[in-house]
Protein chains: 2
Amino acid sequence: MTPTPNPGPVTPEAPGPAGDWLHLDQQICFSLQSASRAFNGVYRVVLKDLGLTYPQYLVMLALWEHGTLPVRKLGEHLRLDSGTLSPLLKRLEAAGLVHRERSARDERSVEVRPTEEGLALRERALDVPRRIVTATGFGLDEIQGLKARLDRLTTALDTAAANEA
Amino acid sequence: MTPTPNPGPVTPEAPGPAGDWLHLDQQICFSLQSASRAFNGVYRVVLKDLGLTYPQYLVMLALWEHGTLPVRKLGEHLRLDSGTLSPLLKRLEAAGLVHRERSARDERSVEVRPTEEGLALRERALDVPRRIVTATGFGLDEIQGLKARLDRLTTALDTAAANEA
DNA sequence: CACAACTAAATTGCACACAACTAAATGACT
DNA sequence: AGTCATTTAGTTGTGTGCAATTTAGTTGTG
């Protein structure tokens with residue numbers, strides 16, 4: 001046994017206004033992650049029929065919109081690097097939804113193109129957005145407002161991380 | 001070659017107000033994930049000295065506050081199941097920060113207790129919250145407001161996922 | 001041309017998340 | 001006491017994220 005068998009609740013040493021600060025970071029970040037994971041849960045249910053995960057759905061959305069994209073551009077759109085995209089794209093290719101081939105102009109680049117089957121899948125995905133928006137219980141204005149705040153937050157955090165590194 | 005060598009931009013078939021809907025789900029969820037991952041990036045930098053990942057930091061926060069918790073309670077606090085917690089706690093134990101032992105009252109339960117070293121680590125973590133809040137560039141009121149919206153969103157999404165399943 | 005600096009993907013290694021399953025213990029009920 | 005549903009952790013397998021490294025191709029410069 002340690003000197004303190006059960007340490008018990010440890011109160012922040014600053015009971016004043018600093019106390020409000022103390023777990024705020026955890027609270028906001030945790031709420032953020034919880035919301036993100038809750039979204040993922042809804043997408044998992046909704047995308048199950050399509051056989052897609054949420055990141056895979058994002059890739060297909062990008063391809064449905066742009067037709068063909070090099071891996072690098074996909075990564076910029078989705079904020080993902082090749083370490084994440086390479087295996088993900090390999091799975092999409094194995095599922096017959098995309099095709100990958102080296103660019104002729106630049107042999108370093110790999111062009112990702114949706115297959116016929118990949119394009120056809122779009123029809124079955126058309127009602128996904130409405131179902132998701134409905135699931136949030138939020139109005140369109142509210143969603144836009146929240147999105148604006150989140151984007152501002154992301155910019156600030158990215159800047160801070162770059163400066164602290 | 002397919003009938004459409006390069007499908008090109010595919011516009012949503014509804015150019016009207018429904019068009020606003022169409023990628024809103026992607027936009028809000030994506031903004032949410034981006035913010036969450038940006039937070040993670042800042043935490044990664046800030047927690048590097050402590051040798052903790054963000055989920056591990058959350059576990060230590062819970063233990064610093066409550067002293068000792070069974071795995072189940074930890075899971076409830078952090079919204080994580082044993083599939084995630086078991087290996088994570090094993091790593092924390094290997095790092096000497098926590099101790100695990102079967103409960104005497106209920107042999108099914110495993111009590112997680114911070115070690116002396118784990119408790120000592122708290123001192124070095126005291127300035128983490130302030131650094132994180134600073135990194136957001138948000139005021140306290142703004143954080144609270146955002147958190148309230150996110151928690152409401154999470155509740156709605158959880159309910160929807162449960163009903164759709 | 002030679003060669004260094006740069007770029008794009010892929011690979012490797014680690015750490016979550018989460019579904020599905022297993023094993024052990026508990027509780028309820030007959 | 002015996003049996004069965006429930007509870008609690010742990011395990012296994014899949015799929016991200018991301019840092020660090022590797023490989024191959026490209027570009028700029030002397």
Side-chain angles (χ1 to χ4, degrees), chain A residues 29-30 33-45 47-48 51-59 69-76 78-95 98 100-112 158 161-162 165, chain B residues 29-30 32-45 47-48 51-59 69-76 78-95 98 100-112 158 161 165:
Chain A
C29 184
F30 183 72
Q33 268 203 321
S34 294
S36 183
R37 282 155 60 192
F39 248 120
N40 242 297
V42 176
Y43 270 109
R44 198 174 300 121
V45 173
L47 294 177
K48 195 176 177 183
L52 293 176
T53 65
Y54 176 63
Q56 290 167 3
Y57 170 68
L58 289 184
V59 168
L69 287 173
V71 173
R72 192 184 65 80
K73 285 285 184 190
L74 266 178
E76 285 174 10
L78 307 182
R79 197 194 170 95
L80 294 172
D81 67 2
S82 67
T84 301
L85 279 176
S86 288
L88 189 157
L89 292 171
K90 223 184 277 185
R91 281 187 283 273
L92 284 181
E93 189 170 43
V98 307
R100 289 186 300 164
E101 61 184 342
R102 291 274 162 193
S103 164
R105 287 185 300 98
D106 186 343
E107 288 281 339
R108 293 170 303 180
S109 178
V110 168
E111 302 281 342
V112 183
D158 283 343
Chain B
C29 184
F30 183 73
L32 207 49
Q33 268 204 324
S34 294
S36 183
R37 282 154 60 193
F39 248 120
N40 241 298
V42 176
Y43 270 109
R44 197 174 301 120
V45 173
L47 294 176
K48 195 176 176 185
L52 293 177
T53 65
Y54 176 63
Q56 290 167 4
Y57 170 68
L58 289 184
V59 167
L69 287 172
V71 174
R72 190 185 65 79
K73 285 284 185 191
L74 266 177
E76 284 174 10
L78 308 182
R79 197 194 170 96
L80 294 172
D81 67 1
S82 68
T84 302
L85 278 176
S86 288
L88 190 157
L89 291 171
K90 223 184 274 186
R91 282 186 283 272
L92 284 181
E93 189 170 42
V98 307
R100 289 187 299 165
E101 63 184 340
R102 291 274 161 191
S103 164
R105 288 183 300 98
D106 186 343
E107 287 281 339
R108 291 171 304 181
S109 178
V110 168
E111 303 281 343
V112 183
D158 283 343

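Residue numbering restarts at 1 for every chain, and letters A, B, ... go by the order of the sequence lines.
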Letter per nucleotide, 5' to 3', of nucleotides 17-22 of chain C [B base touched, S only sugar-phosphate touched, - untouched; heavy atoms, 4.0 Å]: BBB---

Taking it one step at a time, do Arg102(A) and Glu107(A) satisfy salt bridge (charged side-chain N to carboxylate O under 4.0 Å, His left out)? CA-CA 6 Å; Arg102(A) 291 274 162 193; Glu107(A) 288 281 339; 5.5 Å; no

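- Checking dT11(D), dA15(C), dA25(C) against every side-chain atom of Glu107(B), the shortest atom distance belongs to dA25(C).
- The phosphate of dA9(D) has neither OP1 nor OP2 within less than 4.0 Å of any side-chain N or O from Arg100(B).
- As rounded to whole Å, 15 Å separates atom P of dC16(C) from atom CZ of Phe30(A).
- Taking the side chain as every heavy atom from C-beta outward, Leu92(B) and Leu52(B) approach each other to under 4.5 Å.
- In this structure, CG on Asn40(A) lies 5.5 Å from CZ on Arg44(A), to the nearest 0.5 angstrom.
- Rounded to whole Å, the distance from CZ on Arg72(A) to C1' on dA24(D) is 17 Å.
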Decide yes or no on salt bridge (charged side-chain N to carboxylate O under 4.0 Å, His left out) for Asp158(A) and Arg79(A), but give the supporting numbers first. CA-CA 12 Å; Asp158(A) 283 343; Arg79(A) 197 194 170 95; 2.8 Å; yes

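- Leu85(A) places its CG atom 13 Å from the C1' atom of dG15(D), with the value rounded to the nearest Å.
- Among the nucleotides dA10(C), dG15(D), dG25(D), the one closest to the side chain of Arg108(A) is dG25(D).
- One interatomic measurement links the two molecules: CG of Leu89(B) to P of dA15(C), which rounds to 14 Å at whole-angstrom precision.
- The side chain of Thr53(B) contributes an N or O atom lying less than 4.0 Å from OP1 or OP2 of dC16(C).
- Nucleotide dG30(D) is matched to dC1(C) when pairs are restricted to Watson-Crick or G-U wobble geometry with both distances under 3.5 angstrom.
- Glu76(B) has its CD atom 12 Å from the P atom of dT7(D), to the nearest Å.
- Here Pro70(A) lies in heavy-atom contact (under 4.0 Å) with sugar-phosphate atoms only.
- In this entry the distance linking CG of Leu47(A) with P of dT16(D) reads 11 Å, nearest Å.
- The heavy-atom pair separating Pro70(B) from Ser109(B) by the smallest distance is CB-OG, 3.4 Å.
- With a 3.5 Å ceiling on both atom-pair distances, the Watson-Crick or G-U wobble partner of dT30(C) is dA1(D).
- Between the CG atom of Asp158(A) and the C1' atom of dC18(D) there is a distance of 14 Å, given to the nearest Å.
- Contacts of Lys90(B) with the nucleic acid, taken as non-hydrogen atoms under 4.0 Å apart, involve only primed sugar atoms and P, OP1 or OP2.
- For the pair Asp106(B) CG and dT26(C) P, the computed distance is 6 Å after rounding to whole Å.
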